[in-house]
Amino acid sequence: MSKDVVITGNWLESVSFDEKGLVNVVAQDHITKRVLMVAWMNREALEITASTGFATYYSRSRGKLWHKGEESGNQQKVKEIRLDCDGDVLILMVEQVGGVACHTGRESCFYYALEGAQGDRPQWVAKDPVLKDPSAMYGKK
């Protein structure tokens, strides 16, 4: 029988942010366990996520925080936050509002599968359908 191990002290101090102040985050559906997306958080994004119960990430390309669903409406309600044994990866167990996590309008960002890997011409094939038109989510750009 195992006992729960409790890490004492400030919970944020247990997270090993990298040299840029970021930690890798995997968002996973809390019911199906399907991996929906991978993103980054800084300390502020993690604090906001923990306090609001909605996923907030750090965009490396834009250099700022972004609340998942701020444009698309496809928010992530956080059911649980888990930290790996090394403290350098987080998993968010989420309820994906609207059923779409990917900016392409698919359920998951992991929709490509490698086919023909043992043959002459392996190729990536999109396996998941588009559930929502991206232009409807983000407006025409």
Side-chain angles (χ1 to χ4, degrees), residues 2-141:
S2 69
K3 286 187 165 189
D4 288 343
V5 175
V6 178
I7 301 172
T8 59
N10 182 332
W11 65 276
L12 282 165
E13 299 305 319
S14 298
V15 179
S16 296
F17 295 95
D18 68 13
E19 64 282 349
K20 295 178 182 172
L22 303 174
V23 65
N24 203 248
V25 183
V26 177
Q28 186 174 8
D29 185 281
H30 76 110
I31 294 173
T32 68
K33 309 302 186 227
R34 182 168 187 194
V35 173
L36 301 175
M37 57 179 275
V38 176
W40 296 91
M41 283 184 176
N42 62 9
R43 186 181 182 104
E44 183 181 7
L46 181 53
E47 288 176 306
I48 291 168
T49 298
S51 67
T52 65
F54 288 90
T56 297
Y57 299 105
Y58 181 81
S59 171
R60 295 176 301 162
S61 61
R62 292 178 284 188
K64 68 176 192 168
L65 297 178
W66 60 280
H67 176 75
K68 178 67 176 165
E70 66 189 20
E71 291 181 36
S72 68
N74 300 313
Q75 297 180 325
Q76 292 175 340
K77 291 183 184 176
V78 178
K79 302 295 186 176
E80 185 175 34
I81 301 174
R82 290 194 173 215
L83 178 66
D84 82 324
C85 58
D86 294 323
D88 61 358
V89 179
L90 297 168
I91 293 180
L92 299 186
M93 302 302 290
V94 302
E95 174 189 337
Q96 182 61 58
V97 176
V100 172
C102 186
H103 73 280
T104 65
R106 292 174 173 87
E107 173 188 19
S108 169
C109 293
F110 295 92
Y111 58 87
Y112 282 112
L114 186 62
E115 288 192 352
Q118 311 307 314
D120 292 339
R121 300 193 119 170
Q123 59 187 350
W124 293 106
V125 177
K127 294 292 199 169
D128 297 352
V130 173
L131 302 175
K132 258 188 196 173
D133 180 359
S135 64
M137 290 189 298
Y138 300 105
K140 297 190 181 200
K141 292 186 178 181

With sequence neighbours left out, write down each residue that passes side chain to side chain donor-acceptor pair (under 3.5 Å) with E19, or none if nothing qualifies.
-> none

Please answer whether the main-chain N or O of N74 pairs with a side-chain N or O of Q96 as donor and acceptor at a distance below 3.5 Å.
-> yes

Sequence neighbours left out, what passes side chain to side chain donor-acceptor pair (under 3.5 Å) with R62? Give chain and number order.
-> S59

If you measure from the Lys or Arg side-chain nitrogens to the Asp or Glu carboxylate oxygens, is any gap between R43 and E13 under 4.0 Å?
-> yes

pair Y57-T49: side-chain heavy atoms closer than 4.5 Å = no

Heavy atoms from other residues, nucleotides or ligands near CZ of R34 exceed 12 (cutoff 6.0 Å) | yes

Sidechain-backbone polar pair: K68 side chain, A101 backbone, donor-acceptor under 3.5 Å | yes

What's the verdict on side-chain contact (heavy atoms from CB on, under 4.5 Å) for Q76 and M37, showing C-alpha distance, side-chain angles and the deciding distance?
-> CA-CA 11 Å; Q76 292 175 340; M37 57 179 275; 3.4 Å; yes

Here the gap from E44 atom CD to T56 atom OG1, rounded to the nearest 0.5 Å, amounts to 9.0 Å

Are V25 and Y58 side-chain neighbours, meaning at least one heavy-atom pair lies under 4.5 Å?
-> no

Flag the pair W40 / N24 as yes when at least one side-chain heavy-atom distance between them is below 4.5 Å, and no otherwise.
-> yes

Least distance between heavy atoms, S108 atom then V35 atom = OG-O, 2.8 Å

S72 (side chain) donor-acceptor with M137 (main chain) under 3.5 angstrom = no

Considering residues, nucleotides and ligands other than K77, do more than 12 of their heavy atoms fall under 6.0 Å from its NZ?
-> no

Could you list the donor-acceptor pairs under 3.5 angstrom formed by side chains in residues 83-92, with sequence neighbours left out?
| residue | atom | partner | partner atom | Å |
| --- | --- | --- | --- | --- |
| D84 | OD1 | G87 | N | 2.9 |
| D84 | OD1 | D88 | N | 2.8 |
| D84 | OD1 | V89 | N | 3.1 |

What residues form a side chain to side chain contact (heavy atoms under 4.5 Å, CB included) with H30, not counting sequence neighbours?
-> K79, M93, E95

Side-chain contact, heavy-atom cut-off 4.5 Å: E71 with H103?
-> no

Kindly determine whether T52 and V78 satisfy side-chain contact (heavy atoms from CB on, under 4.5 Å), including the steps that lead there.
-> CA-CA 9 Å; T52 65; V78 178; over 6 Å; no

Mind checking side chain to side chain contact (heavy atoms under 4.5 Å, CB included) for L131 and listing every partner two or more places apart, or none if nothing turns up?
-> V100, E107, P129

Any side-chain heavy atom of I81 sitting closer than 4.5 Å to one from W11?
-> no

Mind checking what makes side chain to side chain contact (heavy atoms under 4.5 Å, CB included) contact with A126, not counting sequence neighbours?
-> R106, Y111, Y112

Please round to the nearest 0.5 Å and tell me the distance separating atom CD of E47 and atom CE of M41.
-> 11.0 Å

